[in-house]
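Hydrogens, waters and symmetry mates play no part in the numbers below; they use all other heavy atoms, side chains included.
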Amino acid sequence: MKIRVTGLGCIIIIFLFIYYPPIAITNTMHFVAIWSYYYLFLGGGRSEFRYLKYRAQKLMLSLVLIVIYLLFVALFNDVSVFAATYDIVVMCLEVIPSAFAISILCLKKSHLDLSQWLIVVGMIQAIISILAFINPAFKQIIIDNMLRYGFSDIINKMARIRMYGWSYTMAFAMPIVQAAIAVLAIYLGMTRNSKYLLTVPFLAFSSVINARVGIVVMVLGLIVIIFGRKKASVKNNIIVLLCFVLFTGLSLNVSSRLQSVSPDTYKWITEGLGDMMALFNGNSYSEYSYFKYIADADIYRVPDGIKLLFGTGSITTRNNSLIQSDIGFINDIWLGGLIYVFAFYGLIISQIHKICSYYRYKYNSCGVLLEFGIIGLIMVANIKGRILSFNEASNLIILSVVYLISKIELEAVFME
């Protein structure tokens, strides 16, 4: 029996896949994975998945080998095997199969491609974020639900200045996703239809009010778009200029409203902007500046001796260990050593490079933008936290990679 997935159903599935908001006593991704296995093996995607099984199995086998490696590292160091392997196991058993199912679903609904679906779900998250910002009661409902779900009480402290939206990690990965989708909207506005530019202020706002790293992602994304395109028309240059003027104007107008509605959030964002300016002009940073934090040499400490190569089986975070660091690269070295870092990052980057080489050959600069955009996002976000773990940003990256793989493989195959 085939269950037909409507456009609304597609939006819900993609939203739950990327953001996996806490709405039940168990992780929302589990429900998406159950649907995905049905869709791939019994439902409407089984005929297309026959042509993608080899690629899916190859990806999953690579991750299984990494899981086995981390298992031995954890056992050798007498630490939790569950904690050491959880992220990769979820990627292998749930995220990748779900990404293939969503990719086939998007390709079958050929009137929209993945980029357009991402704009839609990003706007839904943006609307929820804005509603939470202007309506404290609505925001508190979400926060209370997160606490019932099992989040720690630190959520209440963070909610004083941010936590606007409905996602699993609203202080880290969700804002990065919103910023990345905002950059995507600018690109689509330049290359397809200027109507996509109307979504940029909402996407950008929902990112910045939750994490200031969103500003960095958007600025670097614009740089990639401007310098990555080999042929930029006068129209495209005008669009970029208008985006900058519009964003500046809206920022000035919104800032006064932001200051009156949430002065703590306003102060937090303006301090972040001041820290970014201080990075270039040499002035001192604010008291709790992240730039001051990443300038501390202690957060870059790595294991000594053989553990530098093989790791300790545990990550290090600001609140849970003697060696404290938020930096994603450093945490990954502590987890599985240089072997893990080169194997896991090498797997992801090699897949991105292969896909983008194909698109570079077929669409010229498009492949360059894809490669620099995705790899750049990984590198920048890793300064803020472990991007290649189970979170919204890694879900977006995996979905994008799997979608491009599926599109290439199925180009010669019939699509309904």
Heavy-atom distance under 4.5 Å between the side chains of [X] and [Y], does that happen here?
| X | Y | answer |
| --- | --- | --- |
| L188 | N193 | no |
| F344 | L63 | yes |
| V73 | Y340 | no |
| F390 | M29 | yes |

In a check of salt bridge (Lys or Arg N to Asp or Glu O under 4.0 Å) between E409 and each of K53, K58, R55, which one passes?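 That would be R55; it is the only one of K53, K58, R55 passing the salt bridge (Lys or Arg N to Asp or Glu O under 4.0 Å) with E409.
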With distance as the sole test, does [X] use its side chain to make a donor-acceptor pair with the main-chain N or O of [Y] at under 3.5 Å?
| X | Y | answer |
| --- | --- | --- |
| W334 | R301 | yes |
| S406 | I104 | no |
| N210 | M163 | yes |
| N145 | P22 | yes |
| S394 | S389 | yes |
| T28 | P21 | yes |
| Y403 | D113 | no |
| T169 | F172 | no |
| T85 | V67 | no |

With sequence neighbours excluded, give me every salt bridge (charged side-chain N to carboxylate O under 4.0 Å, His left out) pair touching residues 85-99.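 Residue pairs with at least one partner in residues 85-99: D87-R386.
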Ignoring hydrogens, what is the shortest heavy-atom contact between I88 and I66? Give both atom names and the distance.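 In this case the closest contact between I88 and I66 is CG2-CG2, 4.4 Å.
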Anything under 30° is parallel, anything over 60° is perpendicular, the rest tilted; go ahead and classify [X] against [Y].
| X | Y | value |
| --- | --- | --- |
| Y37 | F41 | parallel |
| Y86 | F82 | tilted |
| F49 | F100 | perpendicular |

Rounded to the nearest 0.5 Å, what separation is found between the CH2 atom of W35 and the CG atom of L105?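 Atom-to-atom, W35:CH2 and L105:CG are 5.0 Å apart.
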Please report the C-alpha distance between Y345 and N382 in whole Å, then the side-chain angles of each, then the deciding distance to 0.1 Å, and finally whether the side-chain hydrogen bond (donor to acceptor under 3.5 Å, both in side chains) criterion is met. CA-CA 12 Å; Y345 284 74; N382 243 320; 3.0 Å; yes
Pairs involving residues 119-143, ordered by first then second residue, that meet side-chain hydrogen bond (donor to acceptor under 3.5 Å, both in side chains) (sequence neighbours left out):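 side-chain hydrogen bond (donor to acceptor under 3.5 Å, both in side chains) check on residues 119-143 returns Q140-D144.
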